[in-house]
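Values reported hereafter were calculated over all heavy atoms of this structure, with side chains retained and with hydrogens, waters and symmetry mates removed.
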Amino acid sequence: MIQLGAGINPENRFLQNQKGILHMEGIDEDIESTLKPQYIEEHARNIVNKAESPDVGLAYSLNPYQGCTHGCAHCYARNAHEYWGFSAGLDFEQKIIVKKNAPQLLKAF
């Protein structure tokens with residue numbers, strides 16, 4: 001069983017048209033156990049980012065994918081998923097954007 005951290009799929013604040021469940025009647029039902037991760041291939045422009053936040057403790061970060069099946073509710077990267085039209089909730093944990101050209105980008109860095 002996949003253990004998800006968000007438990008909900010909030011609306012994307014940047015999209016005008018959305019669809020979803022209005023009334024979740026069976027609160028005790030484990031709907032997440034039937035959901036499988038979806039891997040979406042993307043051709044990225046870069047994967048190395050300068051970390052300018054003093055609380056991170058890194059000079060650079062390496063991001064070969066976006067989204068994560070671990071489901072940590074406190075993850076700082078959740079909100080960036082909305083840029084792609086997905087939610088920061090369950091979409092972040094189920095729709096994983098894989099940067100297929102990551103090895104080439106790292107080599108070029």
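Between Trp84 and Ala80 the shortest heavy-atom distance is CD1-O, 4.0 Å.
Checked against salt bridge (Lys or Arg N to Asp or Glu O under 4.0 Å), Glu41 has the following partners two or more places apart in sequence or in another chain: Lys100. With sequence neighbours left out, Asn46 forms a side chain to side chain contact (heavy atoms under 4.5 Å, CB included) with Asn49. Partners of Ala77 under the side chain to side chain contact (heavy atoms under 4.5 Å, CB included) rule, at least two apart in sequence or in another chain, are Cys75, Phe92. Gln104 pairs by the side chain to side chain contact (heavy atoms under 4.5 Å, CB included) definition with Asn101, not counting sequence neighbours.
The stretch residues 45-65 participates, sequence neighbours left out, in no salt bridge (charged side-chain N to carboxylate O under 4.0 Å, His left out) pair at all.
To the nearest 0.5 Å, atoms CZ (Arg78) and CZ (Phe86) are separated by 14.5 Å. The distance from the CD atom of Gln94 to the SG atom of Cys68 is 12.5 Å, given to the nearest 0.5 Å. With values rounded to the nearest 0.5 angstrom, Asp91 atom CG is found 6.0 Å from His81 atom NE2.
Residues Ile40 and Lys95 are in side-chain contact: their nearest non-hydrogen atoms beyond the backbone lie under 4.5 Å apart. In this structure the side chain of Ile97 never reaches within 4.5 angstrom of the side chain of Tyr65, judged on heavy atoms. Here the side chains of Asn63 and Lys99 are in contact, with some heavy-atom distance below 4.5 Å.
Listed by chain and number, the hydrophobic cluster partners of Leu105 are Ile47, Val48, Tyr60, Leu62, Leu106, Phe109, where partners are ILVMFWY side chains within reach of under 4.5 Å, directly or through others.
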